[in-house]
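The first residue in the sequence is number 1, and the count goes up from there.
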Amino acid sequence: VIFGAAHLHHRFDARERWAAVLVQFTYTSLFGAYSAYLFLRTGLVYGPIAAHVFCNYMGLPSFYDMVEHRRRHVVTGAYIIGIVGFVL
């Protein structure tokens, strides 16, 4: 939650709408929990740093592009498989 709260400044700096800030707060809070898990599990800071660099580089997937894609069923399936694989 603290990691998510650290990103609330986007509401004021970038004049983002509250809905966008809420989405960002949610996924950054989840990422903060995942980073904490990585750190507690390994005892090393390298895993969370690498995950943070990767997530910053990749960004959020474009769900709009997924809906508009000509093979949207394949892309949607890949998203779902990726999410399930991450959770497991």
Side-chain angles (χ1 to χ4, degrees):
V1 173
I2 294 171
F3 192 76
H7 291 81
L8 291 176
H9 66 90
H10 291 285
R11 169 65 177 120
F12 308 104
D13 294 346
R15 306 231 187 249
E16 293 285 339
R17 291 187 297 219
W18 277 111
V21 172
L22 180 62
V23 169
Q24 185 176 30
F25 174 77
T26 302
Y27 77 77
T28 53
S29 294
L30 291 171
F31 179 79
Y34 176 65
S35 294
Y37 169 79
L38 284 177
F39 178 72
L40 293 173
R41 185 80 171 144
T42 65
L44 301 171
V45 73
Y46 302 117
I49 289 174
H52 193 265
V53 168
F54 179 77
C55 286
N56 282 349
Y57 177 74
M58 296 302 292
L60 274 181
S62 175
F63 293 104
Y64 176 76
D65 290 341
M66 177 181 69
V67 172
E68 295 296 316
H69 197 277
R70 67 181 179 85
R71 300 189 69 193
R72 66 182 154 268
H73 300 307
V74 174
V75 175
T76 303
Y79 275 40
I80 292 169
I81 290 169
I83 292 169
V84 170
F86 176 78
V87 171
L88 296 179

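- For A51 against L38, the heavy-atom pair with the smallest separation is CB-CD1, 4.1 Å.
- Between P48 and S35 the shortest heavy-atom distance is CG-O, 3.5 Å.
- Annotation for F31: atom CZ counts as buried by contact number, over 12 foreign heavy atoms lying within 6.0 Å.
- Atom CZ of R72 is separated from atom OG1 of T76 by 8.0 Å, given to the nearest 0.5 angstrom.
- Remark: Y37 OH is loosely packed, at most 12 non-hydrogen atoms of other residues, nucleotides or ligands lying under 6.0 Å away.
- Contact annotation: the side chain of Y34 never approaches that of L30 to less than 4.5 Å [non-hydrogen atoms, C-beta and beyond].
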